[in-house]
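Comments concern the structure below.
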Protein chains: 2
Amino acid sequence: MNNRFPVSLHILTLLDDAKGELLSSDYLAGSININPVLVRKEIMNLRKFGFVDSKEGKGGGSFLAKNAADINLGEVYNAVKSDYILGQNKNEPNPKCPIGKQINQHLISLYSDAENALIQNLSKQTLADFALKFK
Amino acid sequence: MNNRFPVSLHILTLLDDAKGELLSSDYLAGSININPVLVRKEIMNLRKFGFVDSKEGKGGGSFLAKNAADINLGEVYNAVKSDYILGQNKNEPNPKCPIGKQINQHLISLYSDAENALIQNLSKQTLADFALKFK
DNA sequence: TGTACTGTAACAAAAATAATTACAGAATGA
DNA sequence: TCATTCTGTAATTATTTTTGTTACAGTACA
């Protein structure tokens with residue numbers, strides 16, 4: 001499991017806390033304690049989903065592009081998710097085995113169902129709700 | 001993300017299908033298409049949780065230790081889970097940052113809540129239900 | 001007593017993840 | 001105008017995680 005979800009949520013929380021003030025990738029990286037280039041990559045992704053925006057050049061940085069109350073954590077999860085969470089499913093079971101032959105399709109439907117439950121749970125909370133805990 | 005959940009479920013499904021007949025780690029590995037030693041390791045774990053049992057020596061192998069209807073997939077998930085599913089949480093954010101200082105505790109409570117939703121969803125289905133799909 | 005298994009450790013290989021280096025280009029302001 | 005401080009992005013390296021491999025002792029069977 002990679003660390004993209006917590007990193008993205010950390011970034012978003014910091015940006016929310018900054019109340020519109022621009023934060024540099026160096027500053028963000030310093031709080032999260034990871035490499036600034038990783039932060040910039042993650043921000044590119046968050047920007048793709050319309051959560052944040054950035055300003056280049058001196059004095060530049062990033063800021064929230066929508067209200068924290070309009071970003072729910074399920075959306076954030078969807079923005080960073082890559083594989084199925086329960087298994088990478090890059091295995092190719094033996095097609096000669098009656099079980100192996102079919103298992104991937106059953107696993108996938110199991111995964112998406114379970115993952116939906118996870119996302120639905122995350123979606124109950126917005127970034128604003130989450131940020132409110134930091135007091 | 002590792003492949004332990006699908007591997008375990010694949011093993012259990014094959015054992016259920018075998019209806020008590022002993023299956024060797026070589027046979028199981030052949031269907032899953034992974035290394036037999038990995039299978040044996042996974043079986044050790046499944047045994048620890050009482051799902052399967054094995055017999056050593058010639059003609060040995062593994063078999064289900066409880067009824068497939070009494071194994072639900074949430075239990076299987078719990079048996080193989082290690083990290084939090086939403087992030088490894090091995091990062092140490094900057095303790096001087098008011099956000100960084102607190103975020104891990106909030107992430108952890110978020111994770112366990114979301115993971116509970118996932119497990120609850122998985123628990124709706126038993127191994128018997130899952131195996132029934134292979135017809 | 002040979003054969004076919006499991007259990008388990010130690011090590012190697014491969015894959016995934018993260019860090020680092022580097023630099024072009026944008027915006028600022030002295 | 002030009003040094004400075006940022007972002008955007010690619011390329012490379014390092015680290016960590018995961019998987020595969022080899023090896024062998026011990027067990028059970030025939």
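In what follows, chains are A, B, ... by sequence order, proteins preceding strands, each numbered from 1.
In this entry the distance linking CG of A:Asn33 with C1' of C:dA18 reads 12 Å, nearest Å. As rounded to whole Å, 15 Å separates atom C1' of C:dC5 from atom CD of B:Glu21. Between the CG atom of A:Asn45 and the P atom of D:dT7 there is a distance of 17 Å, rounded to whole Å. Atom pair B:Arg40:CZ and D:dA23:C1' shows a separation of 11 Å (rounding to whole Å applied). Summarising the geometry, the separation between CD1 on B:Ile32 and P on D:dG20 is reported as 10 Å, rounded to the nearest angstrom. Spacing between atom CD1 of A:Ile43 and atom C1' of D:dC6 amounts to 12 Å, rounded to whole angstrom units. B:Asp53 has its CG atom 13 Å from the P atom of C:dT6, to the nearest Å. One interatomic measurement links the two molecules: CD of B:Glu42 to C1' of C:dG7, which rounds to 15 Å at whole-angstrom precision.
In this structure, B:Phe5 and A:Tyr111 have tilted ring planes: the angle between them lies in the 30° to 60° band.
Nearest nucleotide to the side chain of A:Glu56, out of C:dC5, C:dG7, D:dG8: D:dG8. Taking every side-chain heavy atom of A:Met44 into account, D:dT9 is the closest of D:dT9, C:dG7, D:dG8. The nucleotide whose nearest atom lies closest to any side-chain atom of B:Lys55 is, among C:dG7, D:dG20, D:dA28, D:dA28. The side chain of B:Lys58 has D:dA30 as its nearest neighbour among D:dT18, D:dT9, D:dA30.
A donor-acceptor pair is defined here as one N or O able to donate and one able to accept, closer than 3.5 Å; no such pair exists between the side chain of B:Asn91 and the backbone of B:Pro93.
The phosphate of C:dT17 (OP1 or OP2) has no side-chain N or O of A:Arg4 nearer than 4.0 angstrom. Distances shorter than 4.0 Å separate none of the side-chain N or O atoms of B:Lys90 from OP1 or OP2 on D:dT16. OP1 or OP2 of C:dA18 has not a single side-chain nitrogen or oxygen of A:Asn35 nearer than 4.0 Å. Contact between the side-chain N/O atoms of A:Ser25 and the OP1/OP2 oxygens of D:dT7 is found at a separation under 4.0 Å.
Mapped onto DNA chain C by nearest heavy atom, B:Val37 and B:Gly61 fall at different nucleotides, with B:Gly61 at the one closer to the 5' end. Taking the nucleotide of DNA chain C with the nearest heavy atom to each of A:Leu38 and A:Gly59, the more 5' of the two is matched to A:Leu38.
Here A:Asp26 lies out of heavy-atom contact (under 4.0 Å) with every strand. At a threshold of 4.0 angstrom between heavy atoms, the contacts of B:Leu22 with the nucleic acid are absent.
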Using the rule given for salt bridge (Lys or Arg N to Asp or Glu O under 4.0 Å), can you reason through A:Asp129 versus A:Lys124, listing the C-alpha separation, both sets of side-chain angles and the distance that settles it, and then say yes or no?
CA-CA 9 Å; A:Asp129 298 325; A:Lys124 291 190 304 193; over 6 Å; no

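Side chains of B:Gln125 and B:Lys133: a donor-acceptor N/O pair is present below 3.5 angstrom, by distance only. No side-chain donor-acceptor contact under 3.5 Å links A:Thr13 and A:Asp16.
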